[in-house]
Enquirer: 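This is the structure I have questions about; it appears just below.
Residue numbers start from 1 in every chain, and the chains themselves are labelled A, B, ... in the order their sequence lines are given, proteins ahead of strands.
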There are 2 protein chains.
Amino acid sequence: MPARTSETKDRRTFTETARREQIVRAAVDTLAELGYSDTSLGKIARTAGLSSVGMISYYFSGKSELMSEVVSTVLTAAGEIVAPRVAAQETAVGRFRTYIEASLEHLADRRAEAVALIEITLGARDRERSDELEAGATEVVTDLVARAQAELDAARESTGEPAREPLDPHVVAVAVRGAINSAVGRSFRRRPGSEADPELAAEGAPIAELFVRGL
Amino acid sequence: MPARTSETKDRRTFTETARREQIVRAAVDTLAELGYSDTSLGKIARTAGLSSVGMISYYFSGKSELMSEVVSTVLTAAGEIVAPRVAAQETAVGRFRTYIEASLEHLADRRAEAVALIEITLGARDRERSDELEAGATEVVTDLVARAQAELDAARESTGEPAREPLDPHVVAVAVRGAINSAVGRSFRRRPGSEADPELAAEGAPIAELFVRGL
DNA sequence: CTCGGTTTTGTATGACCGTACAAGAAACAG
DNA sequence: CTGTTTCTTGTACGGTCATACAAAACCGAG
């Protein structure tokens with residue numbers, strides 16, 4: 001074991017990162033095409049063009065780690081696209097609207113990733129981590145909803161409009177996330193495959209409008 | 001083969017109907033507890049208190065038929081509760097609102113059935129039938145949405161209120177169904193088990209209000 | 001009691017799964 | 001060239017699954 005200056009371990013070989021990426025991509029495509037229950041390491045290896053399942057075992061400690069890697073890869077990519085667009089908005093309503101629109105536009109471009117994520121979330125037996133993730137996402141939306149609500153209420157008060165009975169932001173947030181997932185599912189049913197779906201991207205605006213009107 | 005007057009086959013033995021019912025109930029509970037991918041005929045037999053899986057094979061042609069029976073049983077029960085309540089409403093908005101409220105109240109009382117249905121829908125490999133079912137349900141909602149929209153538009157016009165840009169009823173319907181499913185899923189995550197969840201039942205009104213405001 | 005259908009039990013089979021592992025091939029450093 | 005590490009291949013094991021099927025138990029009618 002050679003002594004290094006700062007790091008004691010060389011972290012990742014070139015081959016290793018490339019292989020891991022290749023396998024994760026194949027896992028995403030397989031999950032999207034076959035669903036969680038019909039996805040096996042053998043099928044993933046086949047999709048990836050690997051001649052042996054042993055390959056996957058070499059680069060991942062097991063199926064569980066591979067699935068975790070898929071989830072974190074997909075979520076990280078989504079966050080990097082959506083978060084800055086949301087943050088760029090100046091009003092709370094704009095941020096809420098943009099979250100929905102940007103999410104659907106992003107998912108329309110990467111439907112396989114989106115479906116793979118849903119499959120893992122609903123299919124994996126180890127639900128603790130999935131639930132944690134879902135809860136985190138819902139919490140973000142809850143915050144966006146609450147702030148948009150406050151902004152709209154203030155605006156209504158200043159123009160003398162009658163106040164509305166406030167809706168529980170958490171309930172609204174769950175509805176929003178359900179609407180997004182449902183739209184993605186329908187898009188995939190309507191047109192299976194990995195190509196982008198412009199119809200899905202176009203649904204962001206009306207869905208956002210629907211919820212903003214309701215706040 | 002004895003010749004009968006009208007029916008050539010005696011339809012169902014007493015034992016047969018009772019056993020089928022017992023097995024379907026056990027399937028529902030198992031699906032709700034373990035999820036589709038961890039549900040097997042063996043586990044279902046165990047839940048039902050049967051000493052052998054052969055029992056299931058005797059009363060059902062296979063796993064596929066059992067799952068179909070679960071789906072149709074659950075959907076029939078739901079329809080019998082929700083449909084008359086919806087039909088009793090006099091206004092289109094009332095029918096739309098009642099659909100959401102009655103659905104959530106019914107599902108709150110029978111969460112195991114609801115979760116089992118979702119598990120089959122998302123987990124079963126034979127997606128044709130599930131997609132057909134989901135499409136049918138969404139079509140019903142689409143109709144409710146379109147009529148409520150028309151009613152609200154007419155009301156706005158008669159009071160001189162400005163007209164709203166109309167939202168695609170199909171997009172709204174998908175959002176509604178997603179919101180319902182999402183609420184059920186969260187209820188089950190919050191409190192696993194088969195007992196009724198009063199919180200879920202109470203969410204019907206605000207969710208309906210949210211969508212009615214948005215139309 | 002006896003017989004014929006119905007119901008229940010128990011087991012066998014073949015397929016697929018995740019994982020482990022041995023052995024070979026390739027890349028590479030000294 | 002040689003030894004070592006990294007990478008790849010192929011196979012084998014233990015387990016679970018859906019299904020099929022044979023034998024036993026049950027039960028009502030004649």
Enquirer: Return the polar atom pairs (N/O with N/O) between nucleotides 19-26 of chain C and the protein under 3.5 Å, or none.
Expert:
| from | atom 1 | to | atom 2 | distance (Å) |
| --- | --- | --- | --- | --- |
| C:dT19 | OP2 | A:Lys63 | N | 2.8 |

Enquirer: Ignoring hydrogens and geometry beyond distance, is a side-chain donor-acceptor pair present between A:Thr39 and A:Thr30 at under 3.5 Å?
Expert: no

Enquirer: Can you check whether B:Ser40 has a side-chain N or O nearer than 4.0 Å to OP1 or OP2 of D:dT16?
Expert: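 Indeed not, no polar side-chain atom of B:Ser40 lies that close.
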
Enquirer: In terms of side-chain heavy atoms of B:Tyr58, which of C:dT6, D:dC17, C:dG10 is nearest?
Expert: C:dT6

Enquirer: Can you tell me if A:Gln22 and A:Arg25 form a side-chain donor-acceptor pair at under 3.5 Å?
Expert: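 No, because no side-chain N or O of A:Gln22 sits under 3.5 Å from a partner of the opposite role on A:Arg25.
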
Enquirer: Round to the nearest Å and state the distance from B:Leu66 atom CG to D:dC17 atom P.
Expert: 15 Å

Enquirer: Which nucleotide, C:dT8, C:dG10, D:dT8, lies nearest any side-chain atom of B:Ser52?
Expert: C:dG10

Enquirer: May I ask you to verify if any side-chain N or O of A:Lys43 is less than 4.0 angstrom from the OP1 or OP2 atom of C:dC17?
Expert: yes

Enquirer: Taking ring pair (Phe, Tyr, Trp, His ring centres under 6.0 Å) as the test, write out the residues that go with A:Tyr99, two or more places apart.
Expert: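 If we apply the ring pair (Phe, Tyr, Trp, His ring centres under 6.0 Å) test to A:Tyr99, skipping adjacent residues, there are no hits.
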
Enquirer: Considering only residues two or more places apart or on different chains, which pairs with a residue in residues 13-33 of chain B satisfy ring pair (Phe, Tyr, Trp, His ring centres under 6.0 Å)?
Expert: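 As it turns out, there is no ring pair (Phe, Tyr, Trp, His ring centres under 6.0 Å) pair with a partner in residues 13-33 of chain B once direct neighbours are skipped.
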
Enquirer: For the residue pair A:Ser187 / A:Asp197, report whether a side-chain donor-acceptor contact shorter than 3.5 Å exists.
Expert: yes

Enquirer: For B:Met55 and C:dT6, give me the distance from atom CE to atom P, rounded to whole Å.
Expert: 14 Å

Enquirer: Could you tell me how far apart B:Glu16 (CD) and C:dT8 (P) are, to the nearest whole angstrom?
Expert: 11 Å

Enquirer: Can you check the A:Leu34 CG to C:dC17 C1' distance for me, whole Å?
Expert: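 Roughly 15 Å, once rounded to whole Å.
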
Enquirer: Are any of A:Thr15's side-chain N or O atoms less than 4.0 Å away from OP1 or OP2 of D:dC7?
Expert: yes

Enquirer: Do you know the tightest heavy-atom contact between B:Ala32 and B:Val115?
Expert: CA-CG1, 3.9 Å

Enquirer: Using whole Å, what does the distance between atom C1' of nucleotide D:dT16 and atom CD1 of B:Ile44 come to?
Expert: 14 Å

Enquirer: Out of D:dG10, D:dT6, D:dC17, which nucleotide sits closest to the side chain of A:Thr13?
Expert: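 Of D:dG10, D:dT6, D:dC17, D:dT6 is nearest to the side chain of A:Thr13.
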
Enquirer: How is A:Tyr59 classified with respect to the nucleic acid when contacts are heavy atoms under 4.0 Å: base, sugar-phosphate, or nothing?
Expert: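 Touches sugar-phosphate only.
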
Enquirer: Round to a whole Å and report the spacing from CG of A:Asp38 to P of D:dA18.
Expert: 13 Å

Enquirer: Does the side chain of B:Arg19 get closer than 4.0 angstrom to OP1 or OP2 of C:dT6 through an N or O atom?
Expert: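 Checking B:Arg19 against C:dT6: no side-chain N or O falls below 4.0 Å of OP1 or OP2.
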
Enquirer: Please state how far atom CD1 in B:Ile56 lies from atom C1' in C:dT7, giving the value in whole angstrom units.
Expert: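 Going from CD1 in B:Ile56 over to C1' in C:dT7 covers 15 Å.
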
Enquirer: In whole Å, what is the span from the CZ atom of A:Arg46 to the P atom of C:dC17?
Expert: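 After rounding, the gap between these two atoms is 12 Å.
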
Enquirer: Does B:Lys43 count as lying over the ring of B:Tyr36, i.e. NZ or CZ under 6.0 Å from the six-ring centre, within 45 degrees of the axis?
Expert: no

